[in-house]
Amino acid sequence: QVQLVESGGGSVQAGGSLRLSCAASGYTYWAYFVTWFRQVPGKEREGVATIYTGSGSTFYADSVKGRFTISQDQPKSTVYLQMNSLKPEDTGMYYCAARGPGTGPLVTMTAPVYKYWGQGTQVTVSS
């Protein structure tokens with residue numbers, strides 16, 4: 001089955017940047033929807049950004065548009081999340097998740113739809 005491993009989390013001051021990586025292995029289908037989620041204790045898991053690896057199409061939550069960029073490096077089977085102009089409200093555990101083709105449209109970022117998940121990487125933004 002698909003395995004996902006996140007890296008790149010850490011602590012940064014407000015206004016700073018971080019780059020998260022999601023390395024995939026064991027994939028079967030020709031393309032996947034790969035999404036970054038984040039979660040803070042006491043709040044629901046929030047979809048941040050999605051890339052459909054078959055076309056490169058992307059979708060972003062309104063809260064991160066203009067600040068975050070999702071991209072892929074196909075030879076490395078890796079998806080990235082470049083996070084700029086970070087705010088304290090961006091703090092949380094960031095998870096990489098994937099779902100296969102035919103599981104819904106690009107704009108769907110609902111946790112129950114995703115079959116494969118990484119362990120998460122912590123991002124902390126201080127003011």
Give me the atom names and distance for the closest heavy-atom approach of [X] to [Y].
X    : Y    : result
G100 : Y29  : CA-CD1, 4.1 Å
L18  : G8   : CD2-O, 4.0 Å
C96  : V34  : SG-CG1, 3.7 Å
T78  : S21  : CG2-CB, 4.2 Å
W30  : P101 : NE1-CG, 4.3 Å
F33  : P105 : CE2-C, 4.2 Å

| query | Hey, does the side chain of E6 reach the backbone of T121 with a donor-acceptor pair shorter than 3.5 angstrom? | reply | no
| said: Using side-chain heavy atoms (C-beta onward) and a distance below 4.5 Å, is S126 in contact with T124? | reply: no
| Are Q72 and T53 linked by a side-chain donor-acceptor pair shorter than 3.5 Å? | no
| field | Separation between CD1 of I51 and OG of S57, rounded to the nearest 0.5 Å | value | 8.0 Å
| Which distance, rounded to the nearest 0.5 Å, do you find between the OH of Y52 and the OG1 of T50? | 12.5 Å
| query | Going by the angle between their ring planes, with limits at 30° and 60°, are F68 and Y94 parallel, tilted or perpendicular? | reply | tilted
Side-chain donor-acceptor contacts of residues 106-116 below 3.5 Å, not counting sequence neighbours, with atom names and distances?
unit_1 : atom_1 : unit_2 : atom_2 : d
Y114   : OH     : T35    : OG1    : 2.5
Y114   : OH     : R99    : NE     : 3.3
Y114   : OH     : T108   : O      : 3.1

| field | D90 vs R67, side chain to side chain contact (heavy atoms under 4.5 Å, CB included): CA-CA, chis, key distance, verdict | value | CA-CA 11 Å; D90 294 319; R67 299 189 298 121; 2.8 Å; yes
| When you look at CD of E89, are more than 12 heavy atoms from neighbouring residues, nucleotides or ligands closer to it than 6.0 Å? | yes
| field | Over 12 foreign heavy atoms within 6.0 Å of CD, Q119 | value | yes
| said: Show every salt bridge (Lys or Arg N to Asp or Glu O under 4.0 Å) that has at least one partner inside residues 15-29, sequence neighbours left out. | reply: none
| task | Verify the cluster assignment for V64 and F59: are they in a single hydrophobic cluster under the rule of side-chain heavy atoms below 4.5 Å apart? | result | no
| query | Should I70 and V48 be counted in the same cluster of Ile, Leu, Val, Met, Phe, Trp and Tyr side chains packed under 4.5 Å apart? | reply | yes
Acceptor/donor pairs from residues 80-88 side chains to any protein atom, 3.5 angstrom cut, sequence neighbours excluded:
unit_1 : atom_1 : unit_2 : atom_2 : d
Q82    : NE2    : N84    : OD1    : 3.0
N84    : OD1    : S17    : OG     : 2.9

| query | Does the separation of the ring centres of F37 and W117 fall below 6.0 angstrom? | reply | yes
| field | Test log, rule side chain to side chain contact (heavy atoms under 4.5 Å, CB included), inputs R45 and Y95 | value | CA-CA 9 Å; R45 191 165 295 185; Y95 298 91; 3.9 Å; yes
| task | Take S63 and R38 through the side chain to side chain contact (heavy atoms under 4.5 Å, CB included) test and state the conclusion after the steps. | result | CA-CA 12 Å; S63 60; R38 66 187 179 191; 3.5 Å; yes
| message | Between V40 and T91, is the side chain to side chain contact (heavy atoms under 4.5 Å, CB included) condition met? List the steps. | response | CA-CA 7 Å; V40 176; T91 293; 5.5 Å; no
